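Every chain is numbered from 1 and lettered A, B, ... according to where its sequence line falls, protein lines coming before strand lines. Quantities reported herein were computed from a predicted structural model and do not represent experimental measurements.
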Protein chains: 2
Amino acid sequence: MDINKYKSHDRILVAVDCIIFGFDGQQLKALLIKRGFEPEIGKWSLMGGFVSQDESTDEAAARVLHQLTGMHNIYMEQLHCFSDVKRDAAGRVISVAYFALINIADYSEQLQLEHEARWFHLNKIPELIFDHKEMVTLAKERLRQKVTNHPIGFELLPEKFTLPSLQNLYEAIYEEPLDKRNFTRKILSLGILNKLDEKEKESSRKGAFYYIFDKNKYSKLHQEGVKFI
Amino acid sequence: MDINKYKSHDRILVAVDCIIFGFDGQQLKALLIKRGFEPEIGKWSLMGGFVSQDESTDEAAARVLHQLTGMHNIYMEQLHCFSDVKRDAAGRVISVAYFALINIADYSEQLQLEHEARWFHLNKIPELIFDHKEMVTLAKERLRQKVTNHPIGFELLPEKFTLPSLQNLYEAIYEEPLDKRNFTRKILSLGILNKLDEKEKESSRKGAFYYIFDKNKYSKLHQEGVKFI
DNA sequence: CCAAAAGTGTTGCTGATACACCCATGC
DNA sequence: GCATGGGTGTATCAGCAACACTTTTGG
């Protein structure tokens with residue numbers, strides 16, 4: 001590639017930072033790490049990394065996410081590019097923030113220890129370095145907005161989930177209670193969930209039926225989103 | 001600033017590209033330029049420029065927009081960061097795309113000539129360099145989505161505008177006709193427009209009353225958006 | 001038998017849509 | 001007086017919100 005054409009222009013360090021959302025059945029959480037290098041070593045931070053010449057920011061974000069979680073094929077979406085000249089105290093770094101949705105149960109305790117990572121309830125995020133708090137806030141808003149019209153909530157749940165747990169998830173995202181009957185009716189009326197015969201018996205005597213999200217039924221519905229809640 | 005901490009990482013050229021929307025009373029248009037430098041000189045392109053060490057991408061986008069239009073304080077919003085390794089044939093360049101909304105009547109013919117710029121109807125965008133077509137498509141979608149809940153349509157109109165012209169604008173953005181009575185009722189019911197005594201007489205015998213968008217009334221309404229259409 | 005969570009219908013209201021005629025004016 | 005675009009009201013329908021009791025079962 002002939003880079004000479006542009007050689008008179010400034011080159012800048014580009015990073016990615018990942019807001020990793022997880023749901024434990026009750027609460028919506030974000031995965032943070034204790035930063036392992038200077039500056040700001042030892043402070044809480046989003047997981048991030050620099051973008052190299054030979055990868056896109058999408059690729060860099062997937063790589064960073066894999067480093068922390070060992071996971072591949074995670075739902076991930078670009079959030080925003082943060083570029084204030086002074087956002088990073090140690091030098092000029094532009095950061096492209098991404099948010100990811102993972103099933104918290106799949107996340108390995110082992111990796112958590114290795115990286116000094118911890119899940120934080122979204123209302124109890126500690127002080128974060130640089131502009132990471134702003135990133136988390138924006139990600140939360142975006143998630144809330146997105147989940148209204150797109151079937152991405154399922155990314156936060158196990159493959160088999162119960163209607164009460166799905167409702168808990170939406171309540172956690174919206175931070176407000178929903179009516180059980182209205183919720184059930186609406187979500188089932190979309191015709192995108194398959195009911196199993198099996199029941200989940202951990203969280204109640206009676207037990208709640210498992211459901212599975214049916215991607216095919218969904219994609220037949222609408223190309224451009226459906227009102228979920 | 002101590003940039004040494006990060007010195008082992010790659011530095012990358014970062015650019016901004018602007019999708020500039022305008023509305024001529026009937027049609028929604030985008031401003032494109034004939035690219036004045038290699039590579040791809042002479043081809044149609046979005047207006048863009050490189051981000052320097054001492055400016056944010058927001059600042060760079062505002063600068064670039066000012067270069068082309070001579071305008072300041074234009075509505076502008078970050079769209080997406082495009083970062084495919086091969087997106088620019090001449091080298092690795094990451095581009096942060098922005099879209100801007102301007103009142104087309106304010107745009108100087110003079111500058112148009114200087115930059116070999118032209119307004120194109122959104123359904124008649126010519127072949128563009130690199131991934132610029134993709135940027136335009138995404139911007140159009142984002143505008144459509146945004147305008148549903150936020151009062152940004154007014155940025156595309158003169159300060160004084162008529163209800164028919166406002167309706168034309170929404171029809172152009174949605175690419176579908178709206179019912180005049182329903183449109184009028186809904187938009188007036190928001191209580192954010194002030195009717196003037198004056199009439200616009202260019203486009204009809206009868207004349208249509210001018211209205212003005214009242215920012216104060218709007219901001220009292222809701223912090224977080226209202227359903228416009 | 002009791003505690004705890006799952007499951008299930010109806011009603012009223014609000015907002016969305018569909019639709020047609022008269023008005024004002026310049027020519 | 002006629003052609004052009006501006007302005008206005010009503011009826012129907014669909015979707016949303018509010019609301020409480022019965023079922024199941026482990027202990």
Given [options], identify the nucleotide with an atom nearest to the side chain of [X].
X: T184(B); options: dT8(D), dG7(C), dA18(D); answer: dT8(D)
X: F209(B); options: dT10(C), dG9(D), dG7(D); answer: dG7(D)
X: A208(A); options: dA16(C), dT17(C), dG7(C); answer: dG7(C)

Rounded to the nearest Å, what distance is computed from the [atom1] atom of residue [X] to the [atom2] atom of nucleotide [N]?
X: L193(B); N: dG7(D); atom1: CG; atom2: C1'; result: 16 Å
X: N182(A); N: dG7(C); atom1: CG; atom2: P; result: 16 Å
X: E202(A); N: dG26(D); atom1: CD; atom2: C1'; result: 13 Å
X: F228(A); N: dG15(D); atom1: CZ; atom2: P; result: 16 Å
X: F183(B); N: dG5(D); atom1: CZ; atom2: P; result: 18 Å
X: Y210(B); N: dG5(D); atom1: OH; atom2: P; result: 17 Å
X: K180(A); N: dA17(D); atom1: NZ; atom2: P; result: 18 Å
X: E176(A); N: dA18(D); atom1: CD; atom2: P; result: 10 Å

request  = Check for a donor-acceptor pair, side chain of N168(B) on one end and backbone N or O of G25(B) on the other, with a separation under 3.5 Å.
outcome  =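 Yes.
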Check for a donor-acceptor pair, side chain of D84(A) on one end and backbone N or O of R87(A) on the other, with a separation under 3.5 Å.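 A pair under 3.5 Å: no.
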On DNA chain D, nearest-nucleotide positions of K199(B) versus S204(A): which is more 5'?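 The residue whose closest nucleotide sits nearer the 5' end is K199(B).
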- Relative to the 5' end of DNA chain D, which residue comes earlier, G207(B) or D179(B), by the nucleotide with the nearest heavy atom?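 Upstream on the strand: G207(B).
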Would you state whether a donor and an acceptor, one from the side chain of [X] and one from the base of [N], lie under 3.5 Å apart?
X: R205(A); N: dG27(D); value: no
X: R181(B); N: dA20(C); value: yes
X: K206(A); N: dA6(C); value: yes
X: K186(B); N: dG15(C); value: no

Q.
Looking only at the side chains, is there a donor atom on one of E141(B) and Q145(B) sitting less than 3.5 Å from an acceptor on the other?
A.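 No.
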Exercise. Are E159(A) and N103(A) close enough that a side-chain donor and a side-chain acceptor fall under 3.5 Å?
Worked result: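 Note: E159(A) and N103(A) side chains miss the donor-acceptor criterion.
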Closest nucleotide of DNA chain C for S203(A) versus for R185(A): which of these residues is on the 5' side?
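Result of the comparison: S203(A).
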Practice problem: Return no unless some side-chain N or O of K201(A) is found under 4.0 Å from OP1 or OP2 of dG26(D). | Solution: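 Yes, within the criterion.
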CD of Q78(B) to CZ of F82(A): how many Å apart, nearest 0.5 Å?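 Spacing of CD (Q78(B)) from CZ (F82(A)) equals 8.0 Å.
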